Each structure stands twice: as structure tokens, then as C-alpha cells.
Number of protein chains: 2
Amino acid sequence: MTKSLYFEDLHVGQRFVSEPEEVTEEAIIRFARDNDPQYFHVDPFTARESMFGGLVASGWQTAAATVRHLLERSGATFPGGVVGVETTIAWKRPVRPGDRLHIEGEITGLRLSRSSPERGFATFDSKTLDRAGRVVQTLRATMLINRDPRRRETSGADDVRMKTV
Amino acid sequence: MTKSLYFEDLHVGQRFVSEPEEVTEEAIIRFARDNDPQYFHVDPFTARESMFGGLVASGWQTAAATVRHLLERSGATFPGGVVGVETTIAWKRPVRPGDRLHIEGEITGLRLSRSSPERGFATFDSKTLDRAGRVVQTLRATMLINRDPRRRETSGADDVRMKTV
């Protein structure tokens, strides 16, 4: 069952784990043709001669998938969506066709937006792991999350558990 | 004319500017359907009700395009490709259909790889700008760049101008 989360429903330390998803060769090539057409992302044959010894996914595909896992595969939804403000990513291991990835992450910071009373900033620290539990990527993102319009009207900022990002 | 660059050809302060490229509505939607299917990235009609007031590109699309601009639209090529190690990105303004983006960036750090004599690390600091010169994104990436096999055999590490990343 999916749970709708507004900014008011988040707390520092809150964890999110996603259902695993397979990364197919076809998806790797489709992503890379448009967005990162280096030979080790688009051509399984010449990729064998690369430092990876075979086709690997673009890091941008894994980064985008990490946030997609949070939004679609973690049992939570964020009404109105989330908007990335900034992110730091480290790519630790190559992602290959057939790998099954999931994410494990937690909220590490929350603060209200000064310019927009309708939203708050959440910092999310995640690891993206393969089936063997190896970390293929770490990603920290600061995202704008919508506040609940109803709770916003009836409670002050002091009621929101906050930690400065 | 395109110039092939190995690690030995890079120096701190070296600048790269790309040819502008238009971001189309079709490309925004195609990217987002697979990678970031939030309504303000995939549906021009409901996107009007979002905080953006219309369709905007996924930040991951702009991030990937930034490195693609460096590799394909800056007049330089990197034989054997480049591999991202880590990156920090800030998204400053929304990217909308019809925006024409280009990148302006420079090498801000260079160091040889200890584990692989065939490659070095380059740090690249970039801004992605729209036609009006407004910064839509800043991106710093540390990337593995191939060394020149010929120069590698005939010169020691001391010959390479380096700065610790």
C-alpha cells in the first residue's frame, strides 16, 4: 500500500527502501543513445575493448533511477512531486545489463522554505545497491517537497520537526 | 575542426564552450517518460498547474546534456571516452521547451590515477546557460580521462602538469 507523504510527514532518520528493478541491455542502450552515447554505453561489442570489458549503464541513468525508485518503488508517494535543487553523486561500480538495483536511503535534513510557504527542503542520502548488496552509487539530493495545504493552515512552523540542512 | 585530447593535453584553467542546442518538448517528454515521469516533465497540460506553470525538463536530462555538450559540441574529443567518478550539481532555473542551452566550463583540477597508469582524473567545473545568458545549472564533475599511450611510454609523471584535485 502506498503512503502519501507531505513535508510534514517526514522526519530526520526516516528510511526508504525500494523494490529491486532489473537494468536491461535495451534500456541501457536506449538511455545512452539520447543522453550519453559513448561506445561503452551503446555498443555491446566494442564495449568489450573498454576499461569495463562490456556494456555499462550511463551514470546519469542510475542517478535518475535512484530518485525514480524513491518516488515509485519505495511505498511512498509525494503529492505534487519532488523537485531537485542540488545533488552530489559518487559512482562506485559499473552497472551492467541484468543487474538488479534497489535503493536504501534516509532523510538527513529538513527545513522550511523561506521564499515559499508551500514547500520545504528535504535532504535525502541514498545508496544504490546491486543484488549482492554492493554499493554501485551514493547520491545525496536536496529536494523541494510540498507541504500539506490543510496542515499548513492550522499549524505554525514550530509544530514541524525540523533540522537545519 | 575537432581536437583529440588526452589527459596530457589538459591544463588547469583550460576552457570549453559548446555550441548551443535547442531543448524540444518532444525530447523533454521522451526523457522523462523513461527516467523521471513526474507530471511537470511529461504532461504539458497538467504541468500548467505545477509550481513551474508549464512543462520543464528533468534535471537529469540537463545534467547528462552538459557532459554530452563537452564531448560532442565543444570542438574537443576525448579518445576512449570519459568516465564519471563523482559530480555535484545545482539546478538554478527551470529548462523549458524551446530553450537553447550551451555550456561554459573549465578544468579546475588534474591528477594521475594511482591505480591505473592509463588514466588520470580531471575535475571540470561548468555552467549551463540559456540564450539570455542565465545560468540554469552548475555542474562539477570528476572524470577519468585516458592518457596518451605514446606519451605515457616516453615520459614520466613529472612531465605532466598537475594539480591535486
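Because the structure is predicted, anything quoted here is derived from the model rather than measured. So that the names make sense, note that chain A is the first sequence line, chain B the second, and so on, each numbered from 1.
Interface remark: of the candidates B:Q137, B:R140, B:Q61, B:R119, B:R119 forms the most heavy-atom pairs closer than 4.5 Å to chain A. Most heavy-atom pairs under 4.5 Å with chain A: of the set B:S58, B:A63, B:G81, B:A27, this distinction falls to B:A63. Interface check for chain A: of the options B:G84, B:G59, B:P94, B:S116, the most heavy-atom pairs under 4.5 Å are formed by B:G84. The choice from B:A90, B:S50, B:A65 that makes the most heavy-atom pairs within less than 4.5 Å of chain A is B:A90. Contact count against chain A (heavy-atom pairs under 4.5 Å) is highest for B:V82 among B:L139, B:V82, B:L144, B:N146. Each of B:V85, B:D36, B:L71, B:V56 has some count of heavy-atom pairs under 4.5 Å with chain A, and the biggest count is that of B:V85.
By the 6.0 Å contact criterion, CD on A:E19 is open, its count of non-hydrogen atoms from other residues, nucleotides or ligands being 12 or less. Sparse packing is recorded around CZ of A:R33, with 12 or fewer heavy atoms of other residues, nucleotides or ligands lying under 6.0 Å away.
The same ILVMFWY cluster, assembled from side-chain heavy atoms under 4.5 Å apart, contains both B:I107 and B:L5. Hydrophobic clustering (ILVMFWY, side-chain heavy atoms < 4.5 Å, transitive): A:F40 and A:I28 are in distinct clusters. A:V23 and A:F52 sit in two unconnected hydrophobic clusters of ILVMFWY residues. Membership requires side-chain heavy atoms under 4.5 Å apart, directly or through other members. Placement of B:I89 and A:M143 within a single hydrophobic cluster is found when ILVMFWY residues are connected by side-chain heavy-atom separations under 4.5 Å, directly or transitively. One hydrophobic cluster, built from ILVMFWY side chains closer than 4.5 Å, cannot hold both B:V135 and B:W91; they sit in different ones.
Going from atom CG of B:D34 over to atom CZ of A:R30 covers 4.0 Å, rounded to the nearest 0.5 Å. In this structure, NZ on A:K92 lies 7.5 Å from CD on B:E86, to the nearest 0.5 angstrom. To the nearest 0.5 Å, the span separating CE on B:M51 from CD on A:E118 amounts to 9.0 Å.
Using a 4.5 Å heavy-atom cutoff, the side chains of B:W60 and A:T66 are not in contact.
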